[in-house]
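Please read the structure below before turning to the comments.
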There are 2 protein chains.
Amino acid sequence: MLQLTKRTEYGLLALVHLADREGAVASVREICERYPLPKRTLAEVLKDLQHAGLVESTRGSSGGYTLARSPLRVTLGDVVRALEGAPPLTTCESPIVLKGGGCEVQPNCPIRSPIQRVRERLWQLLEHTTLHSLVSGAPHVSLGALGAVESHR
Amino acid sequence: MLQLTKRTEYGLLALVHLADREGAVASVREICERYPLPKRTLAEVLKDLQHAGLVESTRGSSGGYTLARSPLRVTLGDVVRALEGAPPLTTCESPIVLKGGGCEVQPNCPIRSPIQRVRERLWQLLEHTTLHSLVSGAPHVSLGALGAVESHR
DNA sequence: GGCAATTAGCACCTTTTGAGTGCGCTTTGG
DNA sequence: CCAAAGCGCACTCAAAAGGTGCTAATTGCC
Ligand code: SF4
Ligand code: SF4
């Protein structure tokens with residue numbers, strides 16, 4: 001399905017919150033006070049984001065999370081990659097489905113390569129949506145990028 | 001998850017097959033002989049495509065399906081819409097989740113509107129990928145899309 | 001007319017995936 | 001020492017997707 005998971009949504013909300021209080025640590029509890037999210041699940045998400053290097057954590061009594069990079073250098077793509085893995089789009093490129101030896105159609109699949117291209121475009125779209133463009137709602141997606149790709153053909 | 005369903009994949013394969021034999025009817029059996037797909041499921045998919053007006057069906061002994069429109073006028077977006085419904089991206093815009101009264105964060109959700117924009121871009125990406133661009137693998141995605149809109153449609 | 005092939009419709013079961021929670025451990029400031 | 005916070009793992013529960021059974025309805029062909 002073409003839909004972000006709730007985990008990704010939670011992660012984005014958390015990141016936005018962190019972006020607001022620049023530098024200051026924010027605990028899971030604090031975020032949950034602002035947005036009514038399931039505390040534990042959000043904690044899992046933050047942990048994954050920490051693993052991916054998007055946030056830094058401080059443990060202990062007055063601990064919490066802070067952004068690891070500037071909101072300008074955190075993209076939707078980063079978040080999705082951290083929380084869902086790279087979007088496969090097609091089932092064949094999914095790292096999981098390689099169990100059964102992959103898709104049987106693959107040898108003569110007419111749609112594989114074209115869909116691959118669509119996938120790349122989608123990926124670019126995500127990669128060029130910065131966290132900053134989310135907080136400062138205005139300047140939306142920053143898509144000079146996608147235009148550029150088109151022109152060099 | 002950011003992934004097309006298998007149903008969509010099956011649908012695309014079927015449509016490509018139909019595009020090859022221009023005008024000639026192709027039965028489910030015939031398609032399954034070319035690609036090793038579960039016959040019954042593919043039948044369901046074709047039926048849905050028929051409902052959406054993407055293909056026309058002829059019943060009876062030598063029946064089957066034909067394309068309802070030129071491959072130039074069938075887009076990936078059409079197929080996805082027919083087989084998965086419009087991509088919600090966010091859980092709030094999903095037609096289903098409106099059961100529980102919607103998202104509780106919504107009143108002061110900082111990411112809703114920005115993600116909405118991303119969703120629109122994604123939708124455009126799908127809408128401007130024609131079936132023709134899939135069969136004649138070459139001219140990839142026809143992405144004047146995101147800037148200048150293509151002539152067809 | 002009868003038969004075989006094919007689509008139509010609906011309901012059901014199975015598998016997979018995602019969401020959420022239990023529980024104990026570790027760290028750290030007061 | 002203690003309370004508050006993050007860490008790690010594994011587990012349950014619910015929803016979605018994938019797939020199948022069965023029974024019509026239609027139509028070409030013998
Ligand atoms: S090879 Fe083709 S049919 Fe098989 S999973 Fe990839 S895109 Fe789909
Ligand atoms: S309102 Fe915001 S948090 Fe709630 S579902 Fe929509 S995007 Fe997600």
Side-chain angles (χ1 to χ4, degrees), chain A residues 1-11 13-14 18 24-33 36-52 55-66 68 80 83-85 87-88 90-91 94-97 99-100 103, chain B residues 1-11 14 18 24-33 36-52 54-66 68 80 83-85 87-88 90-91 94-100 103-104:
Chain A
M1 199 198 253
L2 245 29
Q3 181 173 344
L4 297 176
T5 64
K6 288 189 179 179
R7 287 168 53 85
T8 302
E9 229 172 85
Y10 296 167
L13 286 172
L18 292 182
V25 299
S27 66
V28 172
R29 179 187 49 76
E30 177 185 326
I31 300 177
C32 284
E33 282 169 0
L37 307 178
K39 189 174 177 182
R40 288 293 311 284
T41 303
L42 182 59
E44 293 291 317
V45 169
L46 263 306
K47 190 178 56 181
D48 288 349
L49 289 180
Q50 193 272 335
H51 255 140
V55 299
E56 289 172 352
S57 68
T58 46
R59 302 174 67 164
S61 177
S62 63
Y65 293 94
T66 64
V80 170
L83 263 27
E84 311 186 18
T90 50
T91 45
S94 163
I96 318 165
V97 183
K99 47 157 196 182
C103 175
Chain B
M1 199 201 256
L2 244 30
Q3 181 173 343
L4 296 175
T5 64
K6 287 189 179 178
R7 286 168 53 87
T8 302
E9 228 172 271
Y10 296 167
L18 293 182
V25 299
S27 67
V28 172
R29 179 187 48 76
E30 177 185 325
I31 299 177
C32 284
E33 281 169 0
L37 306 179
K39 189 173 178 182
R40 289 291 313 284
T41 303
L42 182 59
E44 293 291 317
V45 169
L46 264 306
K47 191 177 53 180
D48 289 348
L49 289 179
Q50 193 271 335
H51 254 143
L54 292 184
V55 300
E56 287 173 353
S57 67
T58 44
R59 304 174 64 163
S61 178
S62 63
Y65 295 93
T66 64
V80 171
L83 262 29
E84 311 185 18
T90 51
T91 45
S94 163
I96 317 164
V97 182
L98 301 180
K99 47 156 197 184
C103 175
E104 305 180 5

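The basis for the numbers below is simple: all heavy atoms, side chains too, and nothing from hydrogens, waters or symmetry mates. Because the structure is a prediction, the values reported are computed rather than measured. Naming: A, B, ... by sequence-line order, numbering from 1 per chain.
- Here the nucleotide nearest the side chain of B:Ser27, chosen from D:dG6, D:dG19, C:dT7, is C:dT7.
- Distance, A:Leu49 CG to D:dC7 P: 11 Å, rounded to whole Å.
- Nearest-nucleotide mapping onto DNA chain C: of A:Ser62 and A:Arg40, the residue sitting toward the 5' end is A:Arg40.
- Taking all atoms of both residues into account, the shortest heavy-atom contact from B:Ala14 to B:Leu42 is CB-CD1, 4.2 Å.
- Distance A:Leu4 CG to C:dT17 C1': 16 Å, rounded to the nearest Å.
- The distance from atom CZ of A:Arg7 to atom C1' of D:dA15 is 17 Å, rounded to the nearest whole Å.
- Between A:Lys47 and A:Glu44, at least one side-chain nitrogen of the basic residue sits less than 4.0 Å from a carboxylate oxygen of the acidic one, meeting the salt-bridge criterion.
- Applying the 3.5 Å distance criterion, the base of D:dA5 shares no donor-acceptor pair with the side chain of A:Arg59.
- Each of D:dA4, C:dT6, C:dT7 was ranked by its minimum atom distance to the side chain of B:Arg29; first place goes to C:dT6.
- Summarising the geometry, the separation between CD on B:Glu30 and C1' on C:dT7 is reported as 15 Å, rounded to the nearest angstrom.
- Of all heavy-atom pairs spanning B:Lys39 and B:Cys32, the tightest one is CA-SG, 3.5 Å.
- When rounded to the nearest whole Å, the span between CD of B:Glu9 and P of D:dA17 equals 15 Å.
- Residue order along DNA chain D, read from the 5' end via each residue's closest nucleotide, puts A:Gly60 first among A:Lys47 and A:Gly60.
- Contact between the side-chain N/O atoms of B:Tyr10 and the OP1/OP2 oxygens of D:dG19 is found at a separation under 4.0 Å.
- Nearest heavy-atom pair across A:Tyr65 and A:Leu18 is O-CD2, 3.4 Å.
- The two residues A:Leu83 and A:Arg7 have their closest heavy-atom pair at CD2-O, 3.5 Å.
- A:Glu44 contributes no side-chain N or O that forms a donor-acceptor pair with the base of D:dC7 under 3.5 Å.
- For the pair B:His51 NE2 and C:dT7 P, the computed distance is 15 Å after rounding to whole Å.
- Per the geometry, CD belonging to A:Gln3 stands 16 Å off P belonging to C:dT17, to the nearest Å.
- Taking 4.0 angstrom as the limit, A:Ser57 places a side-chain polar atom (N or O) nearer than this to OP1 or OP2 of D:dC7.
- Rounded to a whole Å, the CG atom of B:Leu2 is 16 Å from the C1' atom of D:dA16.
- Using a 4.0 Å heavy-atom distance criterion, A:Thr41 is classed as a base contact.
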